[in-house]
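Before any comments, here is the structure.
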Amino acid sequence: MAEVIVVPGRDAAGAMVAEATERLVQGKPDAVLGLATGDTPLPVYRALAERVRDGLDLGRMRGFALDEYVGIPLAHPQSYHSVIEREVVRPLRLAPANVHVPDGRPIGIETAGERYEDAILAAGGVDLQLLGIGTDGHIGFNEPGSSFASLTRVKTLTRQTRADNARFFDSPDDVPVHSITQGLGTILRARRLVLLAFGAGKAQAVAAAVEGPLTASVPASAIQLHPRATVVVDEEAASGLAELEYYRHAFANKPLWDPVIL
Ligand code: PGA
């Protein structure tokens, strides 16, 4: 079962995950961080950037993004290449050559998934994977129905995901139809997973992922298969969980030898 940690808000979540990331990098300076995009991981990146300003050196850390839109110009401000550069590489002072985003350019797209899988394997795998969750239960861009064994490949976005992401574009029609995303099988290979969710809009998806049946209809339920998955949620995102009192009790009684997240 995933460990569920309820925090007062986004900043507390960001601080907690940044702390775990710093600990990871202290033990392994070239650790591989799995990078999520969207609004959800921003508090983590902000908290890490603050630590970098205070002297934390992430110059050897490596990163792999979960996904990218297909056919979007790399220089488009909403391409995940641009988002990762703007929200992660620059503020965290990462070496650009150490950070990878799937290649969503139409030319060569047939082999882009395989090339990305090879790059992750060559890096020794992801140490800590950050995840958001879509209102339709996706992680990465693994839309409902995605195989639990899937690897990086092209997926067609659902109407719901395109509507959710329309806020980032001038018009809803500008949201790309296709993405290239790490598969659920790729994500499950990471050594640790941290799924973050904030706000009432995520409550149903979180409950289905954590407590619902293991089903491809809720791709995030795949985290139940992972031995070291942590779900960090605010009160609103936690509000649909049936066993909330147990999760609070377990966290309040967390053994001292069991560090938060790592
Ligand atoms: P969000 O998206 O962080 O912008 O809410 C999450 C997701 O779609 O995975």
Side-chain angles (χ1 to χ4, degrees), residues 2 7 9-14 17-18 33-48 63-70 72 77-80 82-84 86-88 101-102 104 126 128-146 150 152 155-169 172 174-184 186-188 190 193-210 216-223 226 229-240:
V7 292
R10 292 171 194 245
D11 288 347
V17 179
L33 189 63
L35 304 167
T37 45
D39 285 331
T40 305
L42 295 180
V44 177
Y45 302 144
R46 272 198 296 269
L48 274 173
F64 282 88
L66 279 170
D67 44 22
E68 173 61 291
Y69 293 114
V70 170
I72 195 170
Q78 293 306 327
S79 81
Y80 287 170
S82 297
V83 171
I84 291 284
R86 190 169 63 236
E87 310 286 2
V88 184
V101 179
V126 171
L128 176 60
Q129 178 66 57
L130 305 177
L131 298 167
I133 184 169
T135 58
D136 67 355
H138 72 211
I139 47 176
F141 273 135
N142 292 282
E143 300 289 32
S146 294
S150 52
T152 306
K155 283 296 288 183
T156 305
L157 301 179
T158 61
R159 275 180 207 283
Q160 193 171 326
T161 295
R162 292 186 70 229
D164 285 348
N165 287 7
R167 68 189 194 279
F168 295 118
F169 291 83
D174 290 349
V175 183
V177 173
H178 296 105
S179 66
I180 175 165
T181 179
Q182 287 189 31
L184 296 175
T186 319
I187 291 168
L188 289 175
L193 303 182
V194 181
L195 186 149
L196 299 123
F198 309 116
K202 299 293 176 75
Q204 206 182 342
V206 167
V210 174
S217 299
V218 181
S221 68
I223 67 167
H226 198 285
T230 305
V231 175
V232 182
V233 279
D234 64 7
E235 294 285 349
E236 289 80 11
S239 61

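Just follow the structure's listing: the first ligand is 1, and inside any ligand the first atom is 1. Keep in mind it's a predicted model, so treat the numbers as computed, not measured.
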The closest protein heavy-atom partner of atom 8 (O) of ligand 1 is His138 NE2, 2.7 Å
So which heavy atom in the protein is nearest atom 5 (O) of ligand 1, and how far is it from that ligand atom? Lys202 NZ, 2.7 Å
Can you tell me how far CG of Leu131 sits from NE2 of His138, rounded to the nearest 0.5 angstrom? 10.5 Å
Minimum side-chain heavy-atom gap Ile180-Thr152 below 4.5 Å: yes
Please list the nearest protein heavy atom to atom 6 (C) of ligand 1 with its residue and the distance rounded to 0.1 Å. Ile133 O, 3.5 Å
Atoms of ligand 1, numbered as shown, that sit under 4.0 Å from any heavy atom of Gly132: 9 (O)
Which heavy atom of Ala229 sits nearest a heavy atom of Ile223, and at what distance? CB-O, 3.9 Å
Any heavy atom of Thr161 under 4.0 Å from ligand 1? The part involved is neither
Counting from 1 in the order shown, the ligand 1 atoms closer than 4.0 Å to a non-hydrogen atom of Gly38 are 3 (O), 4 (O)
Region of Arg167 that comes within reach of ligand 1 [heavy atoms, distance under 4.0 Å]: side chain
Indicate yes or no: does Lys202 engage Asp234 in a salt bridge with an N to O separation below 4.0 Å. no
Between Tyr80 and Tyr69, how do the two ring planes meet: parallel, tilted or perpendicular, split at 30° and 60°? tilted
Heavy-atom proximity to atom 1 (P) of ligand 1, picking from Leu196, Asp67, Thr40, points to Thr40
side-chain contact (heavy atoms from CB on, under 4.5 Å), that's the test. Do Leu195 and Thr230 meet it? Break it down for me. CA-CA 6 Å; Leu195 186 149; Thr230 305; over 6 Å; no
